[in-house]
Amino acid sequence: MNELAKQGFSQSYTYFTWRDSKKELTQYVEELTQTEQKEFYRPNFWPNTPDINPFALQNGNESIHLQKYFLAATLSSSVGIYGPVFEYMVSTPMAAGKEEYLNSEKYEVYKWDWSIQNRLTTLIARVNQIRKENASLQQTNNIIFCDTSDEKLMAYYKFDDNRENETLMVASLDAHNIKQGNIRIPIMALGNQPIHVTDLITGNSYHWDREWNFVELHPSLPFHLFKIQR
């Protein structure tokens, strides 16, 4: 994949599909953004593909699908999904231990009803609109991971080159339980001053004047997408 990227292919497939834990995700994104790969590799994050039904999504609930899309769409500037299969949470595996879909479209023609809407399609559309409106989410390399008090909470700060647009993402990696904890904002990168954050999904706003700040995430909405105002 590195050779293809160096030859000029502008979109590079990645191993995001198989990165599930906070440690795995952090190490992988840092490899892509803090090594020589950032000079030639343009990572495209896909939670699933037409021929990959990852174990994390198999028979998965709505929360895991929301979590996976949010991480893909905010960690990388380039994101994709295997359309209605993901949106409608069709995730039954072909067989135990196989990362392939039952009744795969590789082997049969299937006609989807594209008019169906659900919470997942609604939130995917909202996240996509926020990406279009915020330059910090239109790039991949300007990212700082934040410490959290719980390994099932993941937080990261992104910014555009001029630091005129800054966002802070918090995601729960637990698709079944409410997660509470504290996140440590990158206080020095933010000018060592209080910040005002607005969740662009819910509209809720908070004033943070400490380095460590409390968050609570529910499986029904397992992420915050904050816009930062100084």
Side-chain angles (χ1 to χ4, degrees), residues 1 11-33 43-106 110 112 118-128 131 137 140 143 145-146 148 150-156 169-181 183 201 215 217-225:
M1 291 192 292
Q11 294 293 313
S12 300
Y13 188 66
T14 65
Y15 298 118
F16 168 81
T17 311
W18 298 278
R19 300 298 187 263
D20 298 318
S21 70
K22 176 182 175 181
K23 181 179 180 180
E24 290 172 334
L25 287 162
T26 301
Q27 288 181 343
Y28 188 51
V29 173
E30 287 182 341
E31 175 188 333
L32 293 170
T33 62
N44 199 326
F45 280 10
W46 287 64
N48 71 330
T49 74
D51 59 352
I52 302 171
N53 180 15
F55 295 127
L57 289 179
Q58 289 183 13
N59 298 311
N61 62 10
E62 180 184 76
S63 186
I64 187 67
H65 284 77
L66 287 170
Q67 173 208 125
K68 290 295 184 182
Y69 186 76
F70 178 77
L71 290 169
T74 56
L75 285 169
S76 175
S77 61
S78 184
V79 61
I81 54 172
Y82 171 29
V85 168
F86 186 88
E87 294 172 332
Y88 304 151
M89 294 174 284
V90 179
S91 54
T92 304
M94 181 178 67
K98 298 288 187 181
E99 286 188 306
E100 191 164 344
Y101 290 97
L102 181 67
N103 302 323
S104 172
E105 285 190 280
K106 292 196 300 180
Y110 197 94
W112 296 97
N118 56 27
R119 288 188 76 253
L120 187 53
T121 61
T122 299
L123 284 165
I124 286 174
R126 179 60 185 144
V127 170
N128 288 345
R131 281 163 47 90
L137 300 176
T140 303
I143 184 170
F145 288 97
C146 306
T148 64
D150 191 308
E151 285 304 298
K152 289 292 185 178
L153 286 174
M154 186 169 182
Y156 42 100
M169 281 58 66
V170 186
S172 168
L173 303 182
D174 188 329
H176 302 284
N177 302 291
I178 295 172
K179 299 305 297 181
Q180 296 179 331
I183 65 168
I201 303 294
V215 296
L217 290 169
H218 294 243
S220 59
L221 187 60
F223 52 79
H224 289 300
L225 205 173

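Owing to the predicted nature of the structure, the values given are computational and were not obtained by experimental measurement.
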In the structure I gave you, are the side-chain heavy atoms of F16 and L71 within less than 4.5 Å of one another anywhere? yes

Is a side-chain donor or acceptor of D20 paired with a backbone partner of A56 at a separation under 3.5 angstrom? no

So, the side chain of N48 versus the backbone of L57: is there a donor-acceptor pair under 3.5 Å, distance only? no

Distance, nearest 0.5 Å, that separates NE2 of H65 from OH of Y88: 13.0 Å

Please test D51 against T49 for side-chain hydrogen bond (donor to acceptor under 3.5 Å, both in side chains), starting from the C-alpha separation and ending with a verdict. CA-CA 5 Å; D51 59 352; T49 74; 2.9 Å; yes

For the residue pair L217 and P222, what are the closest heavy atoms and their distance? CD1-O, 3.8 Å

At their closest point, which heavy atom of A73 faces which heavy atom of R131, and how far apart are they? O-NH1, 2.6 Å

What are the two closest heavy atoms between S220 and L66, and how far apart are they? O-CD1, 3.6 Å

Drop me the distance from L120's CG to I81's CD1, to the nearest 0.5 angstrom. 7.5 Å

Count the heavy atoms belonging to other residues, nucleotides or ligands that lie under 6.0 Å from CZ of F55, then report whether that count exceeds 12. yes

Between L221 and H218, is any pair of side-chain heavy atoms under 4.5 Å apart? no

Is it the case that the side chain of T140 and the backbone of S77 share a donor-acceptor pair, with hydrogens and angles ignored and the cut-off at 3.5 Å? yes

List the steps and the verdict of side-chain contact (heavy atoms from CB on, under 4.5 Å) for V90 and W112. CA-CA 12 Å; V90 179; W112 296 97; 4.0 Å; yes

side-chain contact (heavy atoms from CB on, under 4.5 Å), that's the test. Do T148 and V215 meet it? Break it down for me. CA-CA 10 Å; T148 64; V215 296; over 6 Å; no

Which heavy-atom pair separates P54 from P47 by the least distance, and what is that distance? CG-O, 3.3 Å

Spacing of CG belonging to L153 relative to NZ belonging to K22, to within rounding of 0.5 Å: 7.5 Å

Less than 4.5 Å apart, any side-chain heavy atom of M94 and any of Y101? no

Do the non-hydrogen side-chain atoms of S12 and P43 ever get within less than 4.5 Å of each other? no

Within the 4.5 Å heavy-atom criterion, are N44 and Y13 side-chain neighbours or not? no

Can you tell me how far OG1 of T74 sits from CZ of F45, rounded to the nearest 0.5 angstrom? 9.5 Å

Between D150 (side chain only) and G181 (backbone N and O only), is there a donor and an acceptor less than 3.5 Å apart? no

For the residue pair T17 and K68, confirm or rule out a side-chain donor-acceptor distance under 3.5 Å. no

For residues T26 and M154, determine if any side-chain heavy atom of one lies less than 4.5 Å from a side-chain heavy atom of the other. yes

Kindly give the heavy-atom pair with the smallest separation between Q58 and K98, and that separation in Å. NE2-O, 2.9 Å

To the closest 0.5 Å, what do you measure between CE (M89) and CG (N61)? 8.5 Å

Residues E151, K23: salt bridge by 4.0 Å N-O rule: no

side-chain contact (heavy atoms from CB on, under 4.5 Å) between N53 and V85, intermediate numbers included: CA-CA 10 Å; N53 180 15; V85 168; over 6 Å; no

If you look at every heavy atom in E87 and T121, which pair is closest and at what distance? CB-CG2, 3.7 Å

I'd like to check I124 versus F70 (side-chain heavy atoms, cut-off strictly below 4.5 Å). Are they in contact? no

OH (Y156) and CD (E30) are apart, to the nearest 0.5 Å, by 13.5 Å

Examine distances only and state if a side-chain atom of T33 and a backbone atom of V29 form a donor-acceptor pair shorter than 3.5 Å. yes

Taking the side chain as C-beta and beyond, is there a heavy-atom pair between E24 and W18 under 4.5 Å? no

Can N118 and E62 be said to form a side-chain contact (heavy atoms from CB on, under 4.5 Å), step by step? CA-CA 10 Å; N118 56 27; E62 180 184 76; 5.7 Å; no

